[in-house]
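Working notes, structure below.
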Amino acid sequence: MSEEATNTVEEVAVNAAEISVSKGMNEAEIQRFTDDIVAALKTIYDPEIPVDLYELGLIYKVDLDDDRNVTIDMTLTAPGCPVAGEMPGWVENAVRTVEGVQDVVVNMVFEPPWGPDRMSEEAQVALNWW
């Protein structure tokens with residue numbers, strides 16, 4: 001990220017995901033978008049694991065710009081995941097339902113590789129990894 005971009009973004013750590021929101025929005029807008037995007041992401045479940053993608057730690061980064069465009073970096077629990085081709089579309093469709101979001105781009109990334117340490121406590125309890 002360029003120095004200029006860094007100065008125009010408020011980074012909010014939520015779970016293991018990094019959420020960056022443009023400072024061109026007021027605090028109420030930032031909170032609503034953050035809450036609504038996270039809520040949308042929590043509606044998507046890995047078909048093989050009874051935990052949502054967000055709590056699993058598969059969402060690495062969410063950027064929301066001044067124009068209300070969202071860019072998401074996400075990963076998979078394993079590169080050979082049977083729904084790897086479908087999951088980014090599920091994420092895109094869910095985030096598009098957030099009021100005010102103009103566009104959504106989902107990038108599949110594999111660095112750093114996903115590990116169970118990225119799961120929230122909620123996910124660890126649900127999977128009996130606690």
Side-chain angles (χ1 to χ4, degrees):
M1 189 179 286
S2 72
E3 183 177 307
E4 181 178 306
T6 302
N7 291 332
T8 62
V9 172
E10 176 177 324
E11 291 185 5
V12 182
V14 181
N15 240 1
E18 175 187 310
I19 300 180
S20 301
V21 182
S22 169
K23 286 188 176 178
M25 289 184 249
N26 65 45
E27 288 300 317
E29 284 180 296
I30 290 171
Q31 191 62 54
R32 184 191 68 79
F33 272 108
T34 300
D35 291 348
D36 290 355
I37 289 170
V38 169
L41 292 169
K42 290 177 123 210
T43 66
I44 309 159
Y45 286 76
D46 183 314
E48 297 177 339
I49 303 172
V51 176
D52 67 78
L53 301 185
Y54 187 80
E55 295 297 333
L56 274 175
L58 297 180
I59 305 300
Y60 283 1
K61 186 173 186 179
V62 178
D63 288 324
L64 176 65
D65 69 19
D66 282 339
D67 296 324
R68 300 347 186 228
N69 298 311
V70 179
T71 303
I72 299 170
D73 289 350
M74 68 169 292
T75 195
L76 304 169
T77 55
C81 177
V83 292
E86 299 169 51
M87 210 173 287
W90 298 344
V91 170
E92 178 182 342
N93 291 338
V95 175
R96 282 188 186 280
T97 67
V98 173
E99 184 180 338
V101 166
Q102 297 303 307
D103 194 23
V104 180
V105 174
V106 178
N107 302 310
M108 188 66 68
V109 298
F110 295 98
E111 288 299 322
W114 179 86
D117 59 312
R118 295 195 56 88
M119 289 191 297
S120 69
E121 287 182 20
E122 179 181 316
Q124 291 173 9
V125 168
L127 296 173
N128 292 320
W129 287 31
W130 187 245

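- Annotation: side chain of W114 is in contact with side chain of M119 (closest heavy-atom distance under 4.5 Å).
- Counting all heavy atoms, side chain and backbone alike, V98 lies closest to A40 at CG2-CB, 3.9 Å.
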Can you give me every donor-acceptor pair (side chain of residues 44-52, partner residue at least two apart or in another chain, under 3.5 Å) with its distance?
residue : atom : partner : partner atom : Å
D46     : OD1  : E48     : N            : 2.8
D52     : OD1  : Y54     : N            : 2.9
D52     : OD1  : E55     : N            : 2.8

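- Of all heavy-atom pairs spanning Y60 and E111, the tightest one is CE2-O, 4.1 Å.
- Considering only heavy atoms from C-beta on, L127 comes within 4.5 Å of L56 through its side chain.
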For residues 75-88, which side-chain N or O atoms pair as donor and acceptor with protein atoms under 3.5 Å away, sequence neighbours left out?
residue : atom : partner : partner atom : Å
T75     : OG1  : V109    : O            : 2.8

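- For R96, the side-chain hydrogen bond (donor to acceptor under 3.5 Å, both in side chains) partners two or more places apart in sequence, or in a different chain, are E92, D103.
- With sequence neighbours excluded, the residues satisfying salt bridge (Lys or Arg N to Asp or Glu O under 4.0 Å) with D36 are R32.
- For the side chain to side chain contact (heavy atoms under 4.5 Å, CB included) with V62, the lone residue among T71, V104, V38, V70 that qualifies is V70.
- Side-chain atoms of Q31 never come within 3.5 Å of backbone atoms of A28 as a donor-acceptor pair (strictly under, hydrogens ignored).
- Not a single side-chain hydrogen bond (donor to acceptor under 3.5 Å, both in side chains) links N93 to another residue, sequence neighbours left out.
- Taken from CD in Q124 to CG in D117, the straight-line distance is 9.0 Å, to the nearest 0.5 Å.
- Note that CE of M74 is 10.5 Å distant from CG of N107, once rounded to the nearest 0.5 Å.
- Rounding to the nearest 0.5 Å places CD1 of I19 at 9.5 Å from CD1 of I59.
- By the side-chain hydrogen bond (donor to acceptor under 3.5 Å, both in side chains) test, E122 pairs with no residue at all, sequence neighbours left out.
- M25 and I30 make their closest contact through O-CD1, 3.7 Å (heavy atoms, listed as atom of the first residue, atom of the second, distance).
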